[in-house]
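Below, each value reflects all heavy atoms present in this structure, side chains not excepted, and no hydrogens, waters or symmetry copies. Convention: sequence-line order gives letters A, B, ...; per-chain numbering from 1.
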2 protein chains.
Amino acid sequence: MATSTGTPLSEQSILATLEDSGDTTGATAVRLMMAAADAFADRGFHATTTRDIASRAGLSPAGVYVHFTSKEDLLFELSRRGHQTARDQLVAAAAAADSPTEALRSLIAGFSRWHAEHHQLGRIVQYEFRHLTPQHRDTVLALRKEIDAVVRDVLVRGVAEGEFEVDDVPATALALLSLAVDVARWYSPEIRRTPADIARTNGELAVRLVARR
Amino acid sequence: MATSTGTPLSEQSILATLEDSGDTTGATAVRLMMAAADAFADRGFHATTTRDIASRAGLSPAGVYVHFTSKEDLLFELSRRGHQTARDQLVAAAAAADSPTEALRSLIAGFSRWHAEHHQLGRIVQYEFRHLTPQHRDTVLALRKEIDAVVRDVLVRGVAEGEFEVDDVPATALALLSLAVDVARWYSPEIRRTPADIARTNGELAVRLVARR
DNA sequence: TGTCGTTGACTAAGCGCTTGCTTAGTCTCA
DNA sequence: TGAGACTAAGCAAGCGCTTAGTCAACGACA
């Protein structure tokens with residue numbers, strides 16, 4: 001995760017996320033997505049101008065439209081790829097654990113860590129959602145439901161195997177996701193706690209929230 | 001809380017919040033704030049036009065500037081009053097309880113309920129914060145620190161009196177606030193759970209998170 | 001090998017429209 | 001008579017996006 005080049009960590013991780021989305025995407029398109037992610041996270045979708053995105057990517061204003069059909073199309077690509085990598089990571093964490101308790105700990109730790117390391121993308125994904133077109137919203141909503149289902153599944157398994165004590169599974173799943181998602185709202189690279197710290201404490205808190213006593 | 005008039009509940013509660021902020025504010029200014037709250041919550045600060053706010057309040061575009069110096073000034077008034085009523089409610093809840101456990105339960109339940117009932121104002125307060133001027137941001141940040149302090153105090157008292165078991169007080173306070181604040185993100189009046197349901201389950205989860213076992 | 005024709009990435013210029021806010025003036029009521 | 005609430009009209013600036021055209025890269029073919 002450390003880097004010996006001059007590239008900032010935030011760019012590194014966004015780059016990795018955007019490149020490893022299972023799409024073949026040109027280098028300029030990736031540069032545009034990184035520029036847009038920076039700008040959207042910083043100022044919000046509507047406060048960001050296409051001229052700003054273009055100049056951050058070293059292009060003229062019209063250059064954006066060679067690679068994306070609209071500003072909203074850029075937002076959608078960021079949202080889709082962000083959700084996909086977050087989901088993939090959750091599924092992998094759930095599959096690797098050998099007990100519901102360990103699965104939940106690893107799930108919430110990983111999701112919290114993702115929202116710290118990718119807090120820019122996380123904010124875009126959560127707060128700019130409403131600016132997507134209805135069709136694009138539907139696509140993203142489907143990905144969100146998959147994420148929800150992973151957490152619920154672990155809770156149901158934990159209850160069945162006697163490890164968890166849960167009154168209301170959907171409500172508890174939502175609370176657990178709140179814990180992790182909200183990290184993107186308050187995290188900043190300047191704070192005392194590292195993404196790894198946050199992952200550890202949130203994973204522990206998650207287990208406390210449902211463990212039989 | 002129930003109403004026999006045609007006024008929707010959301011307007012009622014926003015109205016009450018905006019009117020009871022300890023300021024003397026004219027009826028037209030309150031109408032403008034309600035219109036702005038609706039619009040900002042719905043589309044975001046930058047996607048909302050002053051013409052939209054004015055027409056929702058039944059005024060011409062220029063009518064806004066009789067009562068507020070700018071669009072940002074309207075956002076600031078909403079943020080300030082929103083934070084103030086949220087803080088006042090927290091302080092009252094903490095003072096009324098007679099044990100740290102009950103204080104925490106009532107704190108998180110009340111804060112969760114507030115973020116459900118005032119989810120519009122809650123979203124504005126959380127997601128439009130960055131669009132405030134630096135000075136206005138400072139004013140609001142001071143209010144946030146007060147809110148943080150109330151939660152930390154209860155945790156410290158609970159640990160001292162042997163009721164709570166907490167590794168990291170600031171981190172746990174943040175997690176507890178995440179639980180409540182994030183309600184504004186996902187709550188909608190159409191969902192199954194009522195604000196009272198959410199308050200009850202979140203209060204219970206909060207206690208679980210810190211209770212000695 | 002040389003030179004076409006094509007394609008894709010990109011830019012300079014700018015169009016039509018909307019934005020936040022101002023100005024000059026009207027109306028109401030104490 | 002004068003102060004405050006409000007409007008009609010509009011200004012300067014900035015917006016998303018398009019148009020028309022440049023330029024380098026490249027395969028096809030005489």
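- The side-chain tip of A:R123 does not point at the ring of B:Y127 from less than 6.0 angstrom away and within 45° of straight on.
- Ring geometry, A:H131 versus A:F45: the interplanar angle falls under 30°, so the pair is classed parallel (tilted spans 30 to 60°).
- By the 6.0 Å contact criterion, CG on B:D167 is open, its count of non-hydrogen atoms from other residues, nucleotides or ligands being 12 or less.
- The shortest side-chain heavy-atom distance between B:F40 and B:K71 falls under the 4.5 Å cut-off.
- A salt bridge links B:D148 with B:R152; the closest basic N to acidic carboxylate O contact falls under 4.0 Å.
- In this structure, B:W114 and B:F111 have parallel ring planes: the angle between them is below the 30° cut-off, well short of the 60° mark.
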Next item on the list: Could you give me the CA-CA distance, side-chain angles and deciding distance for B:R208 and B:E204, then say whether salt bridge (Lys or Arg N to Asp or Glu O under 4.0 Å) is met?
Entry: CA-CA 6 Å; B:R208 261 187 101 103; B:E204 205 47 55; over 6 Å; no
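- Of the residues in residues 128-137 of chain B, not one places a heavy atom less than 4.0 Å from an atom of DNA chain D.
- We find that CZ of B:F68 is positioned 13 Å from P of C:dC21, with the value rounded to whole Å.
- Each of A:V151, A:V154, A:L107 was evaluated against A:L176; a single residue qualifies, A:V151, per the side-chain contact (heavy atoms from CB on, under 4.5 Å) test.
- From B:I53, atom CD1 reaches atom CE of B:M34 across 13.5 Å, with rounding to the nearest 0.5 Å.
- Of all the residues in residues 43-51 of chain B, B:T48, B:T49, B:T50, B:R51 reach under 4.0 Å from DNA chain C with at least one non-hydrogen atom.
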Give each protein N/O atom lying under 3.5 Å from an N/O atom of nucleotides 7-11 of chain C, with the pair distance.
from: C:dC10; atom 1: OP1; to: A:T28; atom 2: OG1; distance (Å): 3.4
from: C:dC10; atom 1: OP2; to: A:H67; atom 2: NE2; distance (Å): 2.5
from: C:dT11; atom 1: OP1; to: A:S60; atom 2: N; distance (Å): 3.4
from: C:dT11; atom 1: OP2; to: A:S60; atom 2: N; distance (Å): 2.8
from: C:dT11; atom 1: OP2; to: A:S60; atom 2: OG; distance (Å): 2.9
from: C:dT11; atom 1: O5'; to: A:S60; atom 2: OG; distance (Å): 3.4

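- B:R43 has a carboxylate O that lies under 4.0 Å from a charged side-chain N of B:D52, or vice versa, which qualifies the two as a salt bridge.
- Going from atom OH of B:Y65 over to atom C1' of C:dT23 covers 14 Å, rounded to whole Å.
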